[in-house]
Amino acid sequence: MIRLLPASKKNRSDLLKLSLLPNQTHFIESVEDCLKEADALSLWRPVGIYDDDTLIGFAMYGLWKKEGDHGRVWLDRFLIDKSQQNKGYGKKALIALIQHIFESYGYDEVYLSLYEDNTVALNLYKKPGFSFNGEKDIHNERIMVLKKTAFQSCL
């Protein structure tokens, strides 16, 4: 069963051991960088992704209240450890994470950004209904949005 546990003193050292394959590292910041960012900006919610008690990945999400008309909820980081890839965890973890985000914030949309040449992530994000909205972020990554209604119809 997929579980999300907040980053804490108890699991921080394990989270810092998570890593990606060499050809993936330019797509996302390290877990260490993410945790430093979360320490500096309290809006970020870093979590470990677990299959029962086994740590398989990491994610970070948060609400930017001053974006858009009423704020935007961002799924800012999502990764499955290189030792746990190709085991079917990506889709399961993403769905559990999205459900958690919708329940936590009560918003009807979740945003993320990615480099378009990150085709593995792009294909993964399209499965639950993320689609490009025509915007780019400050790093020139394309922004995708998932509407709650589209997500619910994909389950």
Side-chain angles (χ1 to χ4, degrees), residues 1-64 67 72-102 104-105 107 109-146 150-151 154:
M1 180 172 99
I2 299 295
R3 299 181 311 135
L4 306 172
L5 296 178
S8 66
K9 289 180 182 177
K10 184 177 179 181
N11 66 0
R12 191 175 183 105
S13 64
D14 290 334
L15 293 173
L16 290 170
K17 294 175 188 172
L18 295 170
S19 62
L20 296 169
L21 296 168
N23 66 333
Q24 299 169 325
T25 58
H26 64 285
F27 291 127
I28 187 171
E29 293 82 352
S30 69
V31 172
E32 181 178 11
D33 289 341
C34 295
L35 292 174
K36 285 179 184 176
E37 190 175 339
D39 289 343
L41 286 171
S42 62
L43 64 89
W44 289 127
R45 302 290 178 256
V47 294
I49 304 169
Y50 293 80
D51 181 7
D52 292 321
D53 294 325
T54 302
L55 179 62
I56 61 165
F58 174 83
M60 192 165 79
Y61 57 89
L63 171 60
W64 287 84
E67 283 191 6
R72 285 183 174 181
V73 177
W74 283 85
L75 169 53
D76 197 62
R77 314 285 161 67
F78 176 74
L79 66 89
I80 301 297
D81 184 74
K82 66 182 179 184
S83 69
Q84 301 297 327
Q85 292 182 17
N86 298 311
K87 296 181 180 182
Y89 284 131
K91 184 177 178 184
K92 289 178 192 175
L94 182 62
I95 288 171
L97 181 60
I98 292 167
Q99 287 174 324
H100 174 77
I101 291 170
F102 278 131
S104 295
Y105 292 100
Y107 276 61
E109 297 176 331
V110 174
Y111 292 81
L112 61 79
S113 62
L114 80 159
Y115 294 108
E116 207 168 353
D117 60 338
N118 188 352
T119 56
V120 173
L122 177 60
N123 290 331
L124 178 65
Y125 295 141
K126 284 182 176 180
K127 288 178 184 175
F130 276 98
S131 61
F132 290 111
N133 69 354
E135 298 177 34
K136 290 189 177 186
D137 72 4
I138 60 172
H139 303 292
N140 210 32
E141 294 180 48
R142 292 191 61 197
I143 295 176
M144 299 183 86
V145 61
L146 173 63
F151 176 67
C154 290

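Owing to the predicted nature of the structure, the values given are computational and were not obtained by experimental measurement. Counting begins at 1 with the first residue of the sequence. The analysis underlying the following values was restricted to heavy atoms, covering all of them including side chains, and did not include hydrogens, waters or symmetry mates.
- The closest side-chain heavy-atom distance from L20 to F27 is not below 4.5 Å.
- Taken from NZ in K82 to CG in N23, the straight-line distance is 11.0 Å, to the nearest 0.5 Å.
- The OG atom of S8 lies 7.5 Å from the CG atom of L15; values are rounded to the nearest 0.5 Å.
- At least one side-chain heavy atom of L146 sits less than 4.5 Å from a side-chain heavy atom of F102.
- One finds the CG atom of L122 at 5.0 Å from the CE atom of M144 (value rounded to the nearest 0.5 Å).
- Closest heavy-atom contact between L75 and L112: O-CB, 3.3 Å.
- In this structure, W44 and W64 have perpendicular ring planes: the angle between them is above 60°, well past the 30° mark.
- For K36, the salt bridge (Lys or Arg N to Asp or Glu O under 4.0 Å) partners are E32, not counting sequence neighbours.
- Contact check for F78 versus L124: side-chain heavy atoms found under the 4.5 Å cut-off.
- Taking CD from E37 and CD from E29, the interatomic distance works out to 6.5 Å, rounded to the nearest 0.5 Å.
- You'll find the side chain of R72 stays beyond 4.5 Å of the side chain of Y107, heavy atoms only.
- The shortest distance between side-chain heavy atoms of K17 and V31 does not fall below 4.5 Å.
- In this pair, Y105 and Y61 present their aromatic rings perpendicular. The plane angle is above 60°, beyond the 30 to 60° band.
- Other residues, nucleotides and ligands contribute at most 12 non-hydrogen atoms within 6.0 Å of the NZ atom of K91.
- Closest approach of I2 to A96, counting heavy atoms only: CG2-CB, 3.7 Å.
- Between M60 and C34, the shortest heavy-atom distance links the atoms SD-O, 3.5 Å.
- For the pair L4/I49, a side-chain contact is recorded, criterion being any heavy-atom separation below 4.5 Å from C-beta on.
- With rounding to the nearest 0.5 Å, the separation of CG in L63 from CD1 in I101 is 11.0 Å.
- Between Q85 and I80 the shortest heavy-atom distance is NE2-O, 2.9 Å.
- Between M1 and D51 the shortest heavy-atom distance is N-OD1, 3.2 Å.
- Between R12 and D39 a salt bridge is recorded (basic side-chain N to carboxylate O distance below 4.0 Å).
- Here the side chains of N11 and L55 are not in contact, with every heavy-atom distance at 4.5 Å or above.
- Taking the side chain as every heavy atom from C-beta outward, E67 and W74 approach each other to under 4.5 Å.
- For R45, the salt bridge (Lys or Arg N to Asp or Glu O under 4.0 Å) criterion is met by no residue, not counting sequence neighbours.
- Counting only distance, with no hydrogens or angles, the side chain of Q84 and the backbone of D81 share no donor-acceptor pair below 3.5 Å.
- Summarising the local packing, CG of N123 is surrounded by more than 12 heavy atoms from other residues, nucleotides or ligands at distances under 6.0 Å.
- Taking CZ of F132 as the start and CZ of R142 as the end, the distance is 4.0 Å to the nearest 0.5 Å.
- When all heavy atoms of I98 and F130 are compared, the closest pair comes out as CD1-CE1, 3.6 Å.
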